[in-house]
Enquirer: 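This is the structure I want to talk about, given as structure tokens.
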Amino acid sequence: MSCLALSLQPANGSDILLQTREWFPPARALIALHAFRQTRLAFSNKSPSSVAATSSSSSSSTAEPSAATESIGDDPLSASSGQLIVGVESKYRVVYRLVNSIYVLGITTADHDNSINVFECISIVNQAVSVIVTACRGVDVTPEKLSRKYAEVYMALDIVLRGVSNIRLAAMLSYMHGDGIAKMVHSALDTEAKIRGADTWPAVELHSTEHQSNIEAFSNASFELPPETLAAGDQKVSTIVPQSTIEQDEKMIKAEESEAEKDPFAASEAINKQEDLVGGFKKTKDPSATDLTLALAGLEVTTLPPAEATQSTDITVEGFEGKYGGIEFGSEQATLGEAFEGFTDAWGGGLDASEFLENKKVKKQEGLSGLELLQTGDSAAPTAAAAGADGGKSLENLLVKSTEMKGPEMYILEEISAEFRESLLARVGLMGVVYLRTMPPKVSGDKDTEFSFRVEGTSSVKRFVIQSSRCSSLGNGMFHVRTAPSEEPIPILKYSLLPRLTPLPLRVRLIKRLSGTLLSVMIQYVSNPELLAPLTDVTFVLKLPVDPTLLKVSPKAVLNRSERELKWHVPEVPLKGTPGKLRVRMPLDSSDIDEELEVVGYVKFSVQGATSLSGVCLKPATEGKTDFYEVNHRYQSGVYTCN
């Protein structure tokens with residue numbers, strides 16, 4: 001309900017009546033009424049002190065009454081109706097109507113989000129005006145007339161404050177004079193139903209019971225047709241349905257009956273069938289089946305590049321000096337087949353020939369590939385016996401030990417994304433997730449995993465997000481987790497770092513130059529010297545603007561023509577040293593030359609270790625108590641680009 005209290009306040013004098021809702025304290029209503037009175041007096045330039053001073057001076061000097069002071073003609077709130085917001089800390093909206101010299105006030109909260117319907121409060125104030133006008137038998141409303149009907153007005157305003165329709169209000173007002181309070185309050189309950197012409201529930205309950213009993217009787221009733229009626233119906237159907245349909249139905253019924261009579265455990269008839277090996281092959285008389293030229297017609301043979309493509313080119317551009325391209329064969333490779341035997345690898349097609357230069361052949365182990373264990377003699381017997389008797393068990397024990405868990409395990413997975421524009425860092429962000437690996441359900445059963453832990457090294461953390469169904473915060477970096485066992489790791493906590501405090505494991509710079517129709521691109525990279533361990537297995541991917549016809553790279557790279565990507569694999573990026581360089585040069589067609597050629601480089605890496613990249617670490621809630629085990633953390637690259 002939007003209206004919290006109703007009050008009758010004379011223009012001069014104390015309040016006559018105050019009616020509040022159950023949950024609204026009367027003290028707060030009195031504060032709002034006092035604030036309304038003070039505001040009204042302040043607007044009319046007569047505060048209580050000034051009124052007292054005026055009355056004392058007038059009594060001492062002259063005895064004539066100050067009509068201008070006592071009247072309300074100069075009061076700005078003497079209009080017929082309006083609204084006023086009062087209060088300092090707790091603000092209230094007072095909706096008022098002035099009837100003769102009595103203010104009818106409706107008090108509600110001063111909302112700023114339109115959550116309270118002020119028009120409903122105005123309607124309640126209008127209904128209260130109707131009550132006091134009816135009680136005083138006209139608009140000449142005075143405190144003396146209201147005191148004569150105080151009980152009726154009090155009960156009527158109580159009902160109006162809780163909400164009443166216009167029909168019931170009219171019935172209440174009709175009983176206000178002469179019929180008593182009880183009839184006014186209680187006889188109006190069924191007034192709206194009577195005026196609308198609706199029946200009361202005792203009158204229609206009998207019909208509802210009868211209707212329900214009829215439904216139950218018809219739902220439980222069953223009807224059986226005599227056999228003569230069924231036979232007549234079948235005879236009529238046989239004249240309507242074609243005879244062929246009836247015969248087909250009969251055959252289907254007989255087939256189903258014969259299948260049902262067969263023994264499901266009887267032997268198959270295929271046992272008595274004679275073997276016919278030659279009959280299983282079908283002879284064809286098509287002469288084209290033996291023609292090899294037709295079989296080889298669908299094969300496509302890739303043409304070899306011209307001889308000029310195998311020669312290297314000497315480049316003298318600053319920053320890209322050296323010889324690029326060309327195909328050379330080492331002394332250990334005797335044939336062309338050995339040089340290109342890796343084209344069927346899982347990397348796909350489009351490999352550069354320089355990938356296979358200076359191959360290092362794997363040295364084969366001496367011996368007979370395991371057959372040396374079968375040699376005769378006493379020296380080999382114990383070794384073979386030990387390998388045969390205990391080799392399988394030791395392998396199983398090793399697998400069990402590697403997968404055995406002593407308790408719940410927790411680790412952090414961080415993903416860092418960065419964007420470099422030439423040598424400047426444009427954007428950076430790091431998102432970390434704390435994972436919990438519980439004991440397997442087969443080991444722990446239905447027992448929940450529950451413990452507390454704390455997170456340290458959070459000075460650079462921007463905010464935390466908790467999975468509230470499994471984890472809760474205890475304050476001061478303490479968290480409590482409780483969850484059911486699961487086979488998969490469970491994410492329980494996520495956090496992000498402030499961009500200015502995010503550590504960068506690798507800085508990347510991309511330089512591109514277009515000289516005529518020749519596009520040259522170089523990627524420089526350098527590691528963060530503050531890392532605990534160097535980055536290993538780093539992959540650099542360069543997105544080419546067009547599909548190259550001739551490509552020259554340094555060092556060796558892998559070309560994927562379908563995706564127009566060039567990949568370098570760097571085994572290790574040292575922590576200290578000169579920046580690494582990856583160079584590529586390719587000619588462009590005149591139609592592809594554009595100053596805004598988009599060349600984007602991507603970096604992919606993944607590192608696993610005892611510490612996280614951000615410095616966030618997990619510790620038990622109590623020192624010396626091992627509720628969980630902190631295993632190796634991992635951080636990897638997200639969208640790590642340079643352009």
Side-chain angles (χ1 to χ4, degrees), residues 319-324 330 332 342 345-348 351-363 411-420 422-423 425 428 430 432 502-511 521-544 551-560 563 565-585 599-617 631-643:
F320 297 90
E321 299 86 352
K323 293 184 177 181
Y324 295 85
E332 297 181 358
D345 287 348
W347 292 94
L351 298 178
D352 190 78
S354 60
E355 176 70 19
F356 301 95
L357 297 180
E358 300 180 1
N359 274 355
K360 296 181 180 180
K361 294 185 178 180
V362 180
K363 184 179 180 180
Y411 64 93
I412 300 175
L413 175 60
E414 295 179 338
E415 184 176 286
I416 181 170
S417 302
E419 180 182 356
F420 292 91
E422 292 187 355
S423 61
L425 178 63
V428 65
L430 186 143
T502 301
L504 287 174
L506 192 71
R507 295 191 67 90
V508 189
R509 179 187 182 187
L510 186 141
I511 304 173
V521 181
M522 179 173 65
I523 297 178
Q524 291 181 328
Y525 59 91
V526 63
S527 177
N528 188 348
E530 296 182 359
L531 294 179
L532 298 180
L535 296 177
T536 58
D537 296 331
V538 182
T539 302
F540 293 87
V541 181
L542 184 64
K543 196 76 174 181
L544 301 177
L551 191 65
K552 301 157 189 177
V553 297
S554 175
K556 297 178 293 183
V558 178
L559 175 64
N560 188 344
E563 299 293 337
E565 291 181 351
L566 195 63
K567 290 185 179 180
W568 286 276
H569 179 262
V570 179
E572 181 177 339
V573 180
L575 297 179
K576 297 180 180 179
T578 58
K581 297 180 181 180
L582 306 174
R583 304 174 184 177
V584 59
R585 170 167 290 211
V599 181
V600 184
Y602 300 90
V603 186
K604 299 178 182 179
F605 55 85
S606 179
V607 179
Q608 187 172 359
T611 59
S612 61
L613 177 62
S614 62
V616 177
C617 58
V631 296
N632 286 339
H633 308 300
R634 187 176 65 185
Y635 65 90
Q636 60 188 13
S637 60
V639 183
Y640 216 92
T641 64
C642 57
N643 50 24

Enquirer: Just wondering, do Lys581 and Arg583 contact through their side chains at under 4.5 Å, heavy atoms?
Expert: yes

Enquirer: Test of understanding: with ring-ring contact (aromatic ring centres under 6.0 Å, His included), list the residues that count as partners of Tyr602, not counting sequence neighbours.
Expert: none

Enquirer: Could you work out, with side-chain contact (heavy atoms from CB on, under 4.5 Å) as the rule, every residue matching Pro503, not counting sequence neighbours?
Expert: Leu497, Leu613

Enquirer: Can you name the nearest heavy-atom pair linking Gly638 to Ser417, along with the distance?
Expert: CA-OG, 3.6 Å

Enquirer: Any side-chain heavy atom of Pro505 within less than 4.5 Å of one from Ile416?
Expert: yes

Enquirer: May I have the list of side-chain donor-acceptor pairs in residues 527-539 shorter than 3.5 Å, sequence neighbours left out?
Expert:
residue	atom	partner	partner atom	Å
Asn528	OD1	Glu530	N	3.1
Asn528	ND2	Leu504	O	2.9

Enquirer: Calculate, to the nearest 0.5 Å, the distance between atoms CG and OG1 belonging to Asn632 and Thr611 respectively.
Expert: 9.5 Å

Enquirer: Below 4.5 Å, heavy atoms only, C-beta onward: do Leu582 and Pro555 meet side chain to side chain?
Expert: yes

Enquirer: Heavy atoms, side chains only, cut-off 4.5 Å: are Tyr525 and Val570 in contact?
Expert: yes

Enquirer: What side chain to side chain donor-acceptor pair (under 3.5 Å) pairs are there with at least one residue in residues 634-643, not counting sequence neighbours?
Expert: none

Enquirer: For Pro574, which residues count as a side-chain contact (heavy atoms from CB on, under 4.5 Å) partner, sequence neighbours excluded?
Expert: none

Enquirer: Would a 4.5 Å heavy-atom cut-off, applied to side chains only, mark His633 and Gln608 as touching?
Expert: no

Enquirer: For residues Trp568 and Ala557, report the shortest heavy-atom separation together with the two atoms involved.
Expert: NE1-CB, 3.5 Å

Enquirer: Sequence neighbours excluded, which residues qualify as salt bridge (Lys or Arg N to Asp or Glu O under 4.0 Å) partners of Lys604?
Expert: none

Enquirer: Roughly how far, to the nearest 0.5 Å, is CG of Asn560 from NZ of Lys567?
Expert: 6.5 Å

Enquirer: Sequence neighbours left out, what passes salt bridge (Lys or Arg N to Asp or Glu O under 4.0 Å) with Glu419? Give chain and number order.
Expert: Arg421, Arg427

Enquirer: Testing the basics here: between Leu542 and Ile523, what is the closest heavy-atom pair and its distance to 0.1 Å?
Expert: CD1-CD1, 4.1 Å

Enquirer: For the residue pair Phe420 and Leu506, what are the closest heavy atoms and their distance?
Expert: CZ-O, 3.7 Å

Enquirer: Report the C-alpha separation of Leu544 and Leu559 in whole Å, then their side-chain angles, then the decisive distance to 0.1 Å, and conclude whether the side chain to side chain contact (heavy atoms under 4.5 Å, CB included) test is met.
Expert: CA-CA 10 Å; Leu544 301 177; Leu559 175 64; 4.1 Å; yes

Enquirer: Residues two or more places apart in sequence or in another chain: which of them pass salt bridge (Lys or Arg N to Asp or Glu O under 4.0 Å) with Glu563?
Expert: none

Enquirer: Roughly how far, to the nearest 0.5 Å, is CE of Met522 from CG of Leu510?
Expert: 9.0 Å

